[in-house]
Student: 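What follows is a single structure, and I will ask about it in a moment.
Just so we're on the same page: letters track the sequence lines, and every chain starts at 1.
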There are 6 protein chains.
Amino acid sequence: MSSEDLFIFSGWSNEPLAQRICDYLGVSLRPTQTKRFSHGSLRVQLGESVRNKDVYIVQSLTDPVHRHLMQMLMMLDIARHGDAARVTAVIPYYVYGRADKKDAPRISIAAKLLAQLIETAGADRVIALTLHSAQTHGFFDVPLDHLTSLRVLVDYFKQQDLRDTVVVSPDVGYAKQATKLAGALGVPLAIGSKVRLDDKRVEIKAVLGAGSYVPKRAIVIDDEIATGGTMVEIVKAMKKEGTEEFSLACTHGLFTDNAVDALNGIECVNEIVCTDSVYAPDAVEGIHKLHVQSVASVIGDAILCNHEGRSVGELFTFWEEGFPADSSLG
Amino acid sequence: MSSEDLFIFSGWSNEPLAQRICDYLGVSLRPTQTKRFSHGSLRVQLGESVRNKDVYIVQSLTDPVHRHLMQMLMMLDIARHGDAARVTAVIPYYVYGRADKKDAPRISIAAKLLAQLIETAGADRVIALTLHSAQTHGFFDVPLDHLTSLRVLVDYFKQQDLRDTVVVSPDVGYAKQATKLAGALGVPLAIGSKVRLDDKRVEIKAVLGAGSYVPKRAIVIDDEIATGGTMVEIVKAMKKEGTEEFSLACTHGLFTDNAVDALNGIECVNEIVCTDSVYAPDAVEGIHKLHVQSVASVIGDAILCNHEGRSVGELFTFWEEGFPADSSLG
Amino acid sequence: MSSEDLFIFSGWSNEPLAQRICDYLGVSLRPTQTKRFSHGSLRVQLGESVRNKDVYIVQSLTDPVHRHLMQMLMMLDIARHGDAARVTAVIPYYVYGRADKKDAPRISIAAKLLAQLIETAGADRVIALTLHSAQTHGFFDVPLDHLTSLRVLVDYFKQQDLRDTVVVSPDVGYAKQATKLAGALGVPLAIGSKVRLDDKRVEIKAVLGAGSYVPKRAIVIDDEIATGGTMVEIVKAMKKEGTEEFSLACTHGLFTDNAVDALNGIECVNEIVCTDSVYAPDAVEGIHKLHVQSVASVIGDAILCNHEGRSVGELFTFWEEGFPADSSLG
Amino acid sequence: MSSEDLFIFSGWSNEPLAQRICDYLGVSLRPTQTKRFSHGSLRVQLGESVRNKDVYIVQSLTDPVHRHLMQMLMMLDIARHGDAARVTAVIPYYVYGRADKKDAPRISIAAKLLAQLIETAGADRVIALTLHSAQTHGFFDVPLDHLTSLRVLVDYFKQQDLRDTVVVSPDVGYAKQATKLAGALGVPLAIGSKVRLDDKRVEIKAVLGAGSYVPKRAIVIDDEIATGGTMVEIVKAMKKEGTEEFSLACTHGLFTDNAVDALNGIECVNEIVCTDSVYAPDAVEGIHKLHVQSVASVIGDAILCNHEGRSVGELFTFWEEGFPADSSLG
Amino acid sequence: MSSEDLFIFSGWSNEPLAQRICDYLGVSLRPTQTKRFSHGSLRVQLGESVRNKDVYIVQSLTDPVHRHLMQMLMMLDIARHGDAARVTAVIPYYVYGRADKKDAPRISIAAKLLAQLIETAGADRVIALTLHSAQTHGFFDVPLDHLTSLRVLVDYFKQQDLRDTVVVSPDVGYAKQATKLAGALGVPLAIGSKVRLDDKRVEIKAVLGAGSYVPKRAIVIDDEIATGGTMVEIVKAMKKEGTEEFSLACTHGLFTDNAVDALNGIECVNEIVCTDSVYAPDAVEGIHKLHVQSVASVIGDAILCNHEGRSVGELFTFWEEGFPADSSLG
Amino acid sequence: MSSEDLFIFSGWSNEPLAQRICDYLGVSLRPTQTKRFSHGSLRVQLGESVRNKDVYIVQSLTDPVHRHLMQMLMMLDIARHGDAARVTAVIPYYVYGRADKKDAPRISIAAKLLAQLIETAGADRVIALTLHSAQTHGFFDVPLDHLTSLRVLVDYFKQQDLRDTVVVSPDVGYAKQATKLAGALGVPLAIGSKVRLDDKRVEIKAVLGAGSYVPKRAIVIDDEIATGGTMVEIVKAMKKEGTEEFSLACTHGLFTDNAVDALNGIECVNEIVCTDSVYAPDAVEGIHKLHVQSVASVIGDAILCNHEGRSVGELFTFWEEGFPADSSLG
């Protein structure tokens, strides 16, 4: 398949990123017309024939989450029935990623349901970025390339003086991923023991670390920052113990509610780092010290490898050091 | 299955109708907790175990269309994985009903896509009311009971003096359904020849009727009223020809945009009749002469027949007079 | 894929059309051997290996309807299991098209069932011509190209003097399609109000037109002509009103029972126009003034676009004037 | 489920057998209306609501094979969409049973295709009688009860003097089944070595038996008799060797072409025995010495066991003596 | 469904547990005959008709893993085709649970593949116990009851003096589950930072705890113990820090290779606690201080709730305190 | 697709054959790493990226049958999720081939179940060699190339003096295949009437032949030889009748239990002929007069035809003489 057959379309959620991916690849973003009727339904039309093309639909599932979802599903459906050679959903932010298990009776494992809806609408393949849990991969019956943004975060922090620094996971549940960052940066790991008081409030009961060592600086890493409440609490808990400086990092900067104020209100923060997987212009403008790293090249490389039938594995090589740790038995 | 096993849950879109259906059936509406997170995703929990129950999920797909859709899909998914004996989606208003064919290249037959999503989420069966086209039935692979609200409309108009009255379909595409109402009321039919100027404006180029006869009164019937623009135009066109009085009727009173003002602004309107398939409290309060007829009994009867394994056919007997007209050949 | 990989096979129903398509495309019709055993079953063998080929199976589902259906299903099955690269069912006449809704209890939406059987047998795609309703498209889960024969009908009538002429749909249910022909020819529309008396007899109760205008000539258009009874009645009804000349047009000339005599018996008929979607040699010989327009180029173009991965949309451009009318809301 | 919920419908192919099954079970045969339109399509309507019923559709797939097939598929489709509790296809004669393997390139394993069509149309289960090969069972993804008619044949021949008698399979391919009959009757087996000269003519090159022993009488057994040609040849071959008397037996008496004359023309035939799995009134009247044994009780028992959830196994106990022979290894 | 319809069958892997479940429920274990041929294939026969029964197939996927898997798949297949009312796979030990993500290129998410095989073979539902990750639930398309054995572990340790005790997860990846045990016992948590040196050897680089606190005693909890190597290392690491006593606990006591010796060789171990989810008679005999807690009642209750259509939720109530922690956002 | 895209991987069961196939095709066998954990599960990793490749997974399903099966399923799963262009399972020995029918109640048609598992794991196509029954083909929903090894057997025996020789099928059930060999060699056929005494012992009650003729030499043909017991018995039975010399032939030389001794113990055996579809080094070394014919070229040719999209039919032409015999009616 020649590069003329590589067609990228974008939904409404994050057109700037889609454009950046196209710029990186040197192709034009294909036009899509979407109209919203007065009663709320959408009418989507792909602007060019996709017959026999290798089609990529880029959509971040950000707020309004479900409208963006339906727009993407319709775009997939059109491409399939328009007889595209192959249809790939490119989802920089996969909403419902945390709904990946049944931790209460009579709830939905919505991350699985979402995967089924995407397949039902016609995706032959999916490209996703930093899913909340690695297991979400297994919810898909179609091939999925699970890209990681940690490479861009490592590149960012590698340039800094990392003496007397720890990587902190605010929560036990995300500690596995933080381990990888700590390993890549060559610094120790600490883990927050988060307890949720109610929907809006969390408390960090303790920060588990190696004995009595108190680091001077902490890089707090999470997959996403929404209201910023967790970040506020982990900083508070560690400052009390003696840590003096903080870098806050995440892949998906959602910055919902009054996150701008909450994050600006934390003292001792050197920087806040996120990627452009979510389009959040208000946060970009409002949050001091926010550094947005683009994942356009990460996603662009994956699209190109897919299109040309080359291995995507090399995109992940950073994280494959030796035998994978936790698939083994003890 | 005893009536103790009949469990009705409702989404957010039209709880008053769900409650009315429960009241009609003498059962309690089972609780559902739905929470919306700051970044837009939902967390839905059915309030009671559905194991081995006959579950009905009531949701009108009204604005915000896609949030209501996802809420319903999650409720279906929960019921399925909660091992319900049978899960039925009850959809008084089926959005995307008009997207039932490919009338332009590279668009989605969204009414079909929607059916597939609903089945993917776990519906064993569907109950719907007055779909835009009868063919939409065929988009479903699971059994569907396509209920009609025309019975309540006929009941309403039968009590009036129908001399010198015609039933008018504002558009050729909906004329088949208008034929049924005309037949049931025993009055002639007229058909508007609608042309769409742009997204917001339509023009009625002509009203096709039987020769030179000009009726004194017209009952204009459509499946739904959104902005009211079509109603405004058909009345304008017929008044020019000499018709003096108008009744406007539909099943689904969406009343979007400034429909309240537009409808109140039409002169010579005796009444506007719709059902409670859509929950529209502003319209109910704002539109003069609005008569809302409840479909709770129509839907309730269908649920009961389903639950008890009795024929639903009798609910449609009104419309089955002799050999079905257009399945035959000429 | 080169044109050497384009393989067209034909069932028994309409080999002359299949040959015409091949001639139009400059390829040879590939051989098929079918044997019918004494107890009625078939043994079908494709005459050439289809491994990695782009295969098209041409079959009109005409009488004997079900034998032709099974022959096509077996051909699809063979091509699939013979590891064809892609298998397309080309169905110039899609029987059961009128069974597209449930207009009586306990009947089958056979147009949907048929779509499922065709997909089960292995069709990756379908090409169909002038389906009874546009919604039938949505019955298919595989891509379908719904071609229209109206282009050839418009070409035919455009060459005539169309003054004082109307296009007439004999039935409200088919009026939407007639609207398109009227629009393309730039003449007014009239609609017959057909009532079915019994299986064999229909009555046209009225012809709805624009006020008191009586055209001199009518072009009556339907999707198919079977016994010709409807045509007889609509002519009778309009002659009574004063129309003097008639052209009868359809896509699918089935001409069943004594259609030849019935149609020859109508006076004031200028011409009867149909396509070669149905192979009906007796009618061609017997019906006076019958003009058969070939759809070989329409289907051939669609096959070629499919084979070469080019947009089929341009084959429909005739009918896409501006925003599609009835997918919008009023 | 009570017996009130047991609903049996019949297609056109073998209503007498369906009626006999109903009589055996003491239930009434439910009405079905089928109409055939002038262009060949069918309109089928089940005469009673099947909601929550245990539905059995009885149809022998005899000539016109494909019309009967489509009628059955539509009946299954109606029952499924009519929300039957369970839908069982009862197929006394399964056509295409011999198309169970790919013995030439580019042909269809039509027995498998047929199974897929039946499942696509909505059969939850199937009851079949004496399939050509036992492996056909594996073509079905739904439960299948493969009934045998050998019990009635054994009952028939057990009453005779079986001294100096062999059971003969006219062909190596069917010898396994003949072995069972021979075993049950306690007589030796012989096997014809059939070669097919052309479509209509076969030749029995040799009859393989135990050494030089020539039996006085042969019971020739096959699964079906169509034109009777094979029977004519096997008798001819064995008479030449010295056998004097013949009984011809089969399950499915199709008796096609001039089978009546061919069979009447064989001398030395004591009797011809078949079942009523196929409705063939002309043969019954025309063939001398024809003894038709009814399978109504065999099928009726299977329906009853299914309906009441009892084991069907006992219906086959006759043939289960010890460890099954050919599933073991040597 | 009455309890007469509850049929439990067992594969070869853990018949003692299956018998204990039956004893707990007061039903008899139904017979299964399995034969292994000389070339390795199996022949499985269920000993009783399952028509219309509620069937449970109990199998722990222990070594020989794949033979036990195939035996279970065949039992499921038989039950499905034997027309069971419902077929549930009961899997006390789900092998391949750790293969739940793609942590290296070109490997299989075998936990997902396994789920698909089980569904393909006919399981309508699954009951599993303490899966390695909660997300594995989402790999199933059929309802799954994910039971926890933590209840029995909590019951065990609750009776002890828990002062100056911590719960330890040997690995960050399993820390979430350990958090639950710590919470239930009301003691602090510590987390081992495990690094895998090679296939057989791991190293605990650090034990993350709350500041400088060194507990006197540790309860080390993991989902399974295979060779025991991890346990050896975590004890070694903590002893070096000053912890004096250890309890080792897991759900699945696989005890492979020389686990018996390895575990017996650890000093300072008070007890080793596991359940009977795995049948390991050698370990039971060989490991000193081994306490096996039965999960027969946990599984038995789940089966009963399923059979009687009652909520299984109550079986998990222990772990549902308030809003689930990590599905929320921060 | 160029030959660079042809990737062949091998499981553990028969790497020598896989290597021979690669040598024949002039391609390299791609590396696969498989590790077996202490508790029995596997970890499989394909050694090269398969994105967009035409992948063939070669695995003979020999003992340990189920481990080899799972290894193959995981390899298929990896290739599918690794986005291979096409994945073909190449199965020289298909275990469970004899479990192709339900010859006892409540057993599994495991040959069908196996086909479903293979498809579930991601095989787009299958290549198999000499299945026990031709009908097994129909168990697959994906294209299958059923190769025959009879060509190599015919080549072998054609070079011998075949006067006064018969081909013998030890069992009626396999006689159809033996007929083909007899026909190809131009010698008569004889059929053993095998009765199974118990699991390990069979008895040949009679050898059916043409009258009183006693051949000097017999070529005994079966699809597989396991313990050799059947061969021992058929030789014994025929020697008693006067036959003096024997050649024993099969496709799949499993040689289980003490087959080596059993076969060496038969006198009057000229040769034992099998293929390398099964890797059995002990037998090759131990059995006197064993001649192993390679099927590498047969399988290699099929792979190449598949890869290049050429007809595989020619690989079978040997066996297609005229109209297939037993698909016709008599």
Student: So what's closer than 4.5 Å to chain F heavy atoms on D:Phe140: side chain, backbone, both or neither?
Tutor: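 For D:Phe140, backbone heavy atoms alone lie under 4.5 Å from chain F.
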
Student: Is it the side chain or the backbone of D:Gln116 that comes within 4.5 Å of chain F heavy atoms, both, or neither?
Tutor: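 For D:Gln116, side-chain heavy atoms alone lie under 4.5 Å from chain F.
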
Student: Under 4.5 Å, counting heavy-atom pairs only, tell me which of D:Ser212, D:Gly209, D:Pro188 racks up the most with chain F.
Tutor: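 The option with the most such pairs is D:Gly209.
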
Student: Counting only non-hydrogen atoms closer than 4.5 Å, does F:Tyr96 touch chain D with its backbone (N, CA, C, O), its side chain (CB onward), both, or neither?
Tutor: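 For F:Tyr96, neither part sits under 4.5 Å from chain D.
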
Student: For F:Lys102, what residues pass the side-chain contact (heavy atoms from CB on, under 4.5 Å) criterion, not counting sequence neighbours?
Tutor: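 F:Lys102: side-chain contact (heavy atoms from CB on, under 4.5 Å) contacts with D:His137, F:Ile107, F:Ile109.
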
Student: Where is the tightest heavy-atom contact between F:Arg106 and D:Ser311, given as atom of each residue plus distance?
Tutor: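 Result for this residue pair: NH1-OG, 4.4 Å.
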
Student: Of all the heavy-atom pairs spanning F:Val172 and D:Lys176, show the shortest one and how long it is.
Tutor: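 Taking every non-hydrogen atom into account, CG1-N, 3.5 Å.
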
Student: First locate atom OG1 of D:Thr136, then atom CZ of F:Phe139, and finally report the distance between them rounded to the nearest 0.5 Å.
Tutor: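 Answer for the OG1-CZ pair, D:Thr136 versus F:Phe139, is 8.0 Å.
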
Student: Under 3.5 Å, is there a donor-acceptor pair between the side chain of D:Lys101 and the main chain of F:Gln135?
Tutor: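 Absent.
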
Student: Counting only heavy atoms closer than 4.5 Å, note whether D:Asp222 contacts chain F via side chain, backbone, both or neither.
Tutor: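 No part of D:Asp222 comes within 4.5 Å of chain F.
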
Student: Any idea which of D:Ala111, D:Gly211, D:Gly97 has the most non-hydrogen atom pairs under 4.5 angstrom with chain F?
Tutor: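 Top count of heavy-atom pairs under 4.5 Å with chain F: D:Gly211.
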
Student: To the nearest 0.5 Å, what is the distance between CG (D:Asp171) and OG1 (F:Thr179)?
Tutor: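 Output value for this atom pair is 8.0 Å.
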
Student: With chain D as the partner, which of F:Asp141, F:Val232, F:Thr256, F:Leu144 has the greatest number of non-hydrogen pairs under 4.5 Å?
Tutor: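 So the answer, after comparing F:Asp141, F:Val232, F:Thr256, F:Leu144, is F:Asp141.
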
Student: With D:Ala178, which residues qualify under side-chain contact (heavy atoms from CB on, under 4.5 Å), at least two apart?
Tutor: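 Applying side-chain contact (heavy atoms from CB on, under 4.5 Å) to D:Ala178 gives D:Val167, D:Ser169, D:Leu189, D:Ile221.
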
Student: State the OG-CD1 distance between F:Ser193 and D:Ile191, to the nearest 0.5 angstrom.
Tutor: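 Spacing of OG (F:Ser193) from CD1 (D:Ile191) equals 7.5 Å.
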
